[in-house]
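Within every chain, numbering begins at 1; the chains are lettered A, B, ... in the order of the sequence lines, protein sequences first and strands thereafter.
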Amino acid sequence: MPVGQDGLKRVLDAFEQGDWDEIHLVADDVEVHLVARGADSKVQATSHVTAPEETPARTTDVAPSAPMTATAEDATTVVAPSPGLFWRAPSPGAPPFTDIGGHVEEGTALCIVEVMKLMNTLPAPVAGTVVEICAENGEQVDTGTPLFRIRADGS
Amino acid sequence: MPVGQDGLKRVLDAFEQGDWDEIHLVADDVEVHLVARGADSKVQATSHVTAPEETPARTTDVAPSAPMTATAEDATTVVAPSPGLFWRAPSPGAPPFTDIGGHVEEGTALCIVEVMKLMNTLPAPVAGTVVEICAENGEQVDTGTPLFRIRADGS
Amino acid sequence: MVQRVLVANRGEIAMRVVRACFDEGVTSVLAASEADLDSLPARVADEVVQIGPASATASYLDVGAVISAALLTGCDAVHPGYGFLSEQPELVEQCARHGITFVGPSAESIRRGGDKIAARELARGLDIPLGAGSDAIDTVEEAADLAARVGYPVLLKAAAGGGGRGMRRVDAPAQLADAVVRARAEAQSAFGDGRLYIEHYVEHARHVEVQVLADALGTTVHLGDRDCSYQRRYQKLVEEAPASAVPEELRRRIGEAAVALISALDYVGAGTVEFLVDVDRDTFSFLEVNTRVQVEHPVTEMVTGVDIVREQLRIAAGKPLSFAQGDVRVSGHAIEFRINAESPDRGFVPSPGELRVWRPPVGTDVRVDSHCFAGYRVPPHYDSLLGKLICRGDTRDEALDLAARALDAFDVAGVDTTLPLHRELVRHPDVRGHRITTRWVEESFLPLWTADRARTARAERAATP
Amino acid sequence: MVQRVLVANRGEIAMRVVRACFDEGVTSVLAASEADLDSLPARVADEVVQIGPASATASYLDVGAVISAALLTGCDAVHPGYGFLSEQPELVEQCARHGITFVGPSAESIRRGGDKIAARELARGLDIPLGAGSDAIDTVEEAADLAARVGYPVLLKAAAGGGGRGMRRVDAPAQLADAVVRARAEAQSAFGDGRLYIEHYVEHARHVEVQVLADALGTTVHLGDRDCSYQRRYQKLVEEAPASAVPEELRRRIGEAAVALISALDYVGAGTVEFLVDVDRDTFSFLEVNTRVQVEHPVTEMVTGVDIVREQLRIAAGKPLSFAQGDVRVSGHAIEFRINAESPDRGFVPSPGELRVWRPPVGTDVRVDSHCFAGYRVPPHYDSLLGKLICRGDTRDEALDLAARALDAFDVAGVDTTLPLHRELVRHPDVRGHRITTRWVEESFLPLWTADRARTARAERAATP
């Protein structure tokens, strides 16, 4: 059954009555994208412009894996220890753990790699300055994908 | 269970008692190849040197498809009308339908393409001389594989 | 002892036997040709032994290759599946000689049951009806006598003939004398032999067969009947169980005849006795015995709950059948569709190649027996059966409804298949009404369906700019 | 009317619901996130609607997305599966508001049954035993009184606590006074709140649950029990049906308690009532109600023959259950193994990636519920369940034997899975002897198994030149 006028109309009615910020559906040959007036970050979230909505809501009690690192050109590269999703903040809306130019101590949390509901917080392997952030917030990364480059203090 | 000495010995005994010409088995890491003294064409057949043993035993009552043809450089190419096995003779041991240098009339049988037990006899599309046979007897061919090139009479 | 079974076959029946081995807790060793080393049964079986090149004569049909493969891999039994060597007494004898259990009847049973003339003699001795016929006739008077006896319409056939030549249908006594003269002349010119014989012409026939299992301890049971009247060129396309269109009383007598015949053969294993039912006369006649598991065995499994291939393995191991005749209940109705790699639009030419998509339907009363998977290359060397869709319902109508939906959901791409044909067939009023006879597919269904398909294709071409 | 069902879930349960829709003859429309558009349920469902990006909060957990998807595609019902929105009263209310049937209980039932405090109150009112416990204690004397009443060993717990902090086990009255003082100090320093309470410490517990189905016409039946004591970090790993290690009389009372509770909730749909059985005392206590179909429902289906998900659809359509309590027969024993994409050798870290090989075992009493296929990329966004292997036998021993063989035959490559763990577990003497309690996996099985694996790995490394 192709999506008919009926279905579209019902979605519009529901959207007007509901308190939903945004709806984005694709069925058959129809794409529906509705954004409520006054809706803010959520819209941006699902349009993939800035920080996605997904919340690293809880960290688990599994010990974080030590991040794999690789040193090149005076900077230490922090890579993803597993496939997963790269999150720069502890929770959505929260400020990022760190940013370019930021200084970190050895062990300072850099980011979260989320894999199948498991939140893996990656600590900085060295004290130093973040010179590059190599992945986008929310990006799907693979094992070994570079995430951060940190110039160690005194190097 | 890896193949043991027992299994090998039993095969050898059976081969000596039996009237089999040739046995070729591969199991696990063992390959057994036994050829009876005095065995002739069958040996060659399964060792893939000359005409395989498979017999186009009967032709079916399905009308042979007209072979697809393509003309280039003064010669007409006869291609396989379907995937299948290319047979140059009507039955094993029989002389081939035709050979390089042979003259054919339009409609003369050139070969059989066997597909899933169906024997498809291909007729020559033109009268002329066979200048090339492009596939090996018994070869597995695909739709469109060139089989023969025939220089038409008078060209 | 049956602990390691050489599965001497390929395709969907190899999968079926491998699965039965798993169920019985015995090891399966697949005997595969070079072309089948990457096949699904080769991946699913416990072990694999390569028995020769792609060519079946040098692999699946080579008794020596099969026996040596069993010896090499230490198998104590060989399951032949159907086709290939399954009804080859030589394989049975060679198995016995080398101390290997053949999963099937004795060589003697195969010879007596498999040979049509011998089986007809046996049936005659048991008073099982044979196709009404006659010995050669000499005079027109003799012909008139015989025709009156077997009943009109009759068929005049050339004794030396075949393939329909010299065959002549006669509907009434008045036409007989002329027909005999002409048929004799035709036979003489065609075969150099003018002898004729007379049969009753069965206008509306159903192919009905009975599934039998017999263990080595002397128990023979039958699992009810199947109706396999959907045929094209004597190849079954669709099968149903039970044969519920045939009157109850006739089915009872057919079942008894099957058991009598199997018992007289000292048969051990799974077997099928085939009959032709004359729909207009409510009579039946014996056709032949199949001394192996058949392609269409799943419809019987679906309505009885008996696992025929597991029972074969039990029987071969010398165990008693796992149930008695009194336990057999035929519950509901099942129908099977053969999915062949063939182009029904192009005279059913085979269509090997790579299966880009292979997505069978899933459902509780839906069973798909197949060796296919997405990415599988259907080899050109063997037959075109890709798999079988079997659907069960509490009633025949429910089974057909389910089958219609399952066929629609069956998604195959890369090779042509008989699926489009089945999708139409299952919805046809004659099928719904259960009015199928052995000539229905070729004479009623296919001509219209083919014309329809061609018309649709033309219309589509015309609509494309 | 339930004619078009929006399947608002993913993974194996989406496949399960799509299949049940097919069986019931209703149309399935899969609501899929962007990451799941190429998944198997998206290919098998009749239709697909994309409801948002990979992130579950913006797709599978978004009530607005699910409701609008149902409206857009003209669905008259929503099946929520398990997890995600399946126990979210808001989805139920929004469905009602838009005239869509929610396949599950009312919002009110979910609230009263799903909330642990509310459910405990309800159970208390029905005289269903609760975990033996106390209100906060003030003095050592009060503690001694209570401890004597609930029975030693007891557990002192911080009222404000959690995660094991401030928890202290006391085995005998002589140790109590000292323990109370220390625990209070610990609780005070950890939570700024020194209040304690006392529970009986259940040393050997089994997790037993009862599957219930209730239709809208007032019929409530139970389908027997399951034993889900194999757990790691409160996550079930393996489940069995029936809970045959528990004494018959206790199981009868547990079943009655479950039905009483469900009836008191005016419940409509499939639900599970969970209990903890104290193995040493032969007592049971109520844990919680799950107001949805559960991951482990197939073990119950395998021993009863009831299709729980089809019954859910029937119930949602207002139809009566297709069977009565008197028809329910628990026949044989079934066991389920969760195949997770996790590395048991590396602390069970998830292991997403491409499944190079996915070859589940085939067999009559073997069922594999899964959305996986060879070539499938397991996405990192969702949980790690790849599928479930369920095996049935006439006895528990037969089920375990079959499971051992099926686990061996289960071939997966490309991602790490829990299969190696299950292969050892199923052969463990404690499992064969049916001596499992809720701490067995973590305290008995895993430490030894992990050490063993590490030793084997080291030996293999050493043997490699």
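Using a 4.5 Å cut-off between heavy atoms, C:V378 touches chain B through its side chain atoms alone. If you measure heavy-atom distances from B:E31 to chain C, you find no contacts under 4.5 Å at all. With a threshold of 4.5 angstrom between heavy atoms, C:T27 does not approach chain B through any atom at all. For C:E342, no part lies near chain B; criterion is any non-hydrogen pair under 4.5 Å. Contact of C:A341 with chain B is made through backbone and side chain together, with heavy-atom distances under 4.5 Å.
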Q.
Quick one, C:I51 with B:L25, criterion side chain to side chain contact (heavy atoms under 4.5 Å, CB included). Give me CA distance, side-chain angles, the key distance, then yes/no.
A. CA-CA 5 Å; C:I51 56 163; B:L25 304 171; 4.0 Å; yes
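One finds the CD1 atom of C:I67 at 12.5 Å from the CZ atom of B:R10 (value rounded to the nearest 0.5 Å). Between the CD1 atom in B:I23 and the OG atom in C:S68 there is a gap of 3.5 Å [rounded to 0.5 Å].
Considering only heavy-atom pairs separated by less than 4.5 Å from chain C, the leading option among B:L34, B:L12, B:D142, B:V115 is B:V115.
C:P380 and B:G84 get closest at one heavy-atom pair: CB-CA, 3.9 Å. Nearest heavy atom pair, residue B:A14 against residue C:H98, reads CB-CE1, 3.2 Å. Among all heavy-atom pairs drawn from B:M116 and C:S384, the shortest one is CE-CA, 3.6 Å.
Atom CD of B:E136 has 12 or fewer neighbouring heavy atoms from other residues, nucleotides or ligands inside a 6.0 Å radius.
The side-chain heavy atoms of B:L8 and C:L72, taken from C-beta on, include a pair separated by under 4.5 Å.
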